[in-house]
Structure formats: C-alpha cells, structure tokens
Amino acid sequence: MFDIGTDYRFVMIEGTSEGWGELTFTEKVIDIDGPLLKLESGRIINSHSSLFVTATAVTMLASASSMQEHRT
C-alpha cells in the first residue's frame, strides 16, 4: 500500500484543547515496518490507528489533475 521514497498527503484526526479536528500534511515515507510508517521528519505513524484517516501519494494527485486538464 505504501512505497518507501514516495511523498504522501496524510490526513489524521487530532485532539486539541478546542476539540477534535483534522491534521493534514505532506511528507515522505522513508521506512515501513508492518503498519508503522517512518517519515522523513522522524515522525512514526501507525496506519492501523483509529486516528489515521487517509494517505494519498502526491504523484497520484498530480497525475489526476493532469488527466483532468487533458479532458478539457
């Protein structure tokens, strides 16, 4: 599902003093150990966590927008 060396746009649920919200950021995956993703910043994300919403490869986002431009 994930590829080492690929940038992903992550969406996570985050708890703050004001309540729950979404945290969105883009970062490169540098190592994978089962469901654990080590990111370039040193952050480790458990992709099986209930706080993990989605991860979309940045290259996929660019490809999708390019395809839409070709259709118009």
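The figures here come from the full heavy-atom set of this structure, side chains too, leaving out hydrogens, waters and symmetry mates.
Here the CD1 atom belonging to I30 is positioned 13.0 Å from the OG1 atom belonging to T6, to the nearest 0.5 angstrom. Taking NZ of K38 as the reference point, atom CG of D33 lies at 11.0 Å (rounded to 0.5 Å).
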Stepwise side chain to side chain contact (heavy atoms under 4.5 Å, CB included) test for E14 and L51: CA-CA 7 Å; E14 174 183 56; L51 301 179; over 6 Å; no
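Qualifying ring pair (Phe, Tyr, Trp, His ring centres under 6.0 Å) partners for F52, counting only residues two or more places apart in sequence or in other chains: none. In terms of the side-chain contact (heavy atoms from CB on, under 4.5 Å) criterion, residue partners of I32 (sequence neighbours excluded) are, by chain and number, F2, I4, V29, L37. S41 pairs by the side-chain hydrogen bond (donor to acceptor under 3.5 Å, both in side chains) definition with E27, not counting sequence neighbours. With sequence neighbours excluded, the residues satisfying side-chain contact (heavy atoms from CB on, under 4.5 Å) with V11 are R9, E22, T24, V53, T54.
Grouped with L36 in one hydrophobic cluster are I44, the linkage being side-chain heavy-atom contacts under 4.5 Å among Ile, Leu, Val, Met, Phe, Trp and Tyr residues.
Between I13 and S50 the shortest heavy-atom distance is CD1-O, 4.1 Å.
The ring-ring contact (aromatic ring centres under 6.0 Å, His included) contacts involving residues 12-37 comprise F10-F25, where partners must be two or more places apart or lie in separate chains.
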